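Everything numeric here is computed off the predicted structure, so don't read it as measured data.
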Amino acid sequence: MTLPTPLATALLGHPPGTRLLLLNCDDFGLNEDVNLAVVEAVEHGVAASCSLMTGCPGSAHALRLLRERPGLPFGIHLTLVCDTEAPGHRWGPLAPAAAVPSLLDPAGRLFPATPDGRARLLARARTADVEREFRAQIEAATGPGLDPTHLDFHCLADAGRPDLLDLALALGAEYGLAVRIWLSPALERLRARGLPVVDHPFLDSFAVPLDGKPAHYARLLAALPPGLTEWAVHPGLGTPATRPGDGGWRVRRSDLAFLLAPRTRELLAEHGITVTDYRPLRAHWPGPVAHDTGPSVSGSFKTPAPGPPTVEP
């Protein structure tokens, strides 16, 4: 395996051979069940940070938890799709629907988070509409008592389209936030700019088999290479009240068990793995930068013409 040169760990000031694991809980704000599990995983487990979905039914509860815990690192989980059809569990855009028409299906709702739904969204989404929605979501998670560290994406790898990724990079520079990147060629482009990005393949816990999950995670930790690796985990309590709106509750409940297990902490120590959050990365990313009051983003990242979609599997 050919490693990037230099490794992100070197850019972040770690000695050669450091195994650095960015362990982030996605989907904070989905519902109160997930919110409580995420806080438990960060405060009493091995997770280091979380990513907030500001438009979801549990977002107000999540924001309250964050304001009560100013030391809990969090980013903003930019969200353009909806995972559920269950009444009372759906969500829509934070921006007024009339301001983001290209993000909505013929019924005026966010597209579903299925491969087909994401492909339809990316085929029609206008960059200006995405910017309005991304700004609304970022602004909802900033202000007194809130200090986000990064931007990442819900169900759309690297924002799903090159122009949307460049939009997110520009917004990150504007607001002084790091951005989660895990696909080529963006990784190579940002490494060339001297920015710390992951050195190894990104892990989404929804891709980890439920059967034998603890042993699977243990093997991954034992094999973790030197450099920076990121895992996006999805803890949840899996209570009956939230299951109708969350088809992934089994993944979430098993992730929470892994993050809280004493054996997990032992494995990290045995393999010399350091767990981190996005704060050290944010310190190396550009921004915030001066900008005007117009509708377009500014900063060191420029937004090109739309490119082809990249739909996460």
Could you point out which residue of Thr276, Asn24, Asp277, Thr149 forms a side chain to side chain donor-acceptor pair (under 3.5 Å) with Ser49?
Asn24

Please report the closest heavy-atom contact between Val34 and Pro235, naming both atoms and the distance.
CG1-O, 3.7 Å

Heavy atoms of His61 and Leu36 approach each other most closely as CE1-CD2, 4.0 Å

In this structure, is the centre-to-centre distance between the rings of Trp231 and Tyr217 below 6.0 Å?
yes

Heavy-atom closest contact (Pro73 atom, Gly71 atom, distance):
CD-O, 3.2 Å

The reported gap from OG1 in Thr79 to CD in Gln137 (rounded to nearest 0.5 angstrom) is 5.0 Å

Step-by-step side-chain hydrogen bond (donor to acceptor under 3.5 Å, both in side chains) determination, His234 to Ser205
CA-CA 7 Å; His234 300 81; Ser205 70; 2.7 Å; yes

Is Arg161 paired with Asp166 through a side-chain N to carboxylate O contact shorter than 4.0 Å?
no

Option from Trp285, Phe74, Tyr278 for which ring pair (Phe, Tyr, Trp, His ring centres under 6.0 Å) with His150 holds:
Tyr278

Rounded to the nearest 0.5 Å, how far apart are CG of Asp255 and CG of Leu260?
10.5 Å

Is any side-chain N of the basic residue among Arg109 and Glu85 closer than 4.0 Å to the acidic one's carboxylate O?
yes

For Arg135, is there an ion pair with Glu139 - N to carboxylate O distance below 4.0 angstrom?
no

So does Arg243 pair up with Asp33, basic N to acidic O under 4.0 Å?
no

Nearest-0.5 Å distance that lies between atom OG1 in Thr242 and atom CG in Leu237:
7.5 Å

Could you tell me whether Arg132 and Asp129 make a salt bridge, using a distance below 4.0 angstrom between a side-chain N and a carboxylate O?
yes

With rounding to the nearest 0.5 Å, note down the distance linking CH2 in Trp182 to CG in Leu187.
10.0 Å

Salt bridge flag under 4.0 Å for residues Arg265 and Glu270:
no

For the residue pair Asp83 / His89, report whether a side-chain donor-acceptor contact shorter than 3.5 Å exists.
no

For the residue pair Asp199 and Thr9, confirm or rule out a side-chain donor-acceptor distance under 3.5 Å.
no

To the nearest 0.5 angstrom, please state how far the CG atom of Leu30 sits from the SG atom of Cys56.
5.5 Å

When rounded to the nearest 0.5 angstrom, what is the spacing between CZ in Arg282 and CG in Leu151?
11.5 Å

Are Asp105 and Arg120 ion-paired here, with the side-chain N under 4.0 Å from a carboxylate O?
no

Phe28/His77 aromatic ring centres below 6.0 Å:
no

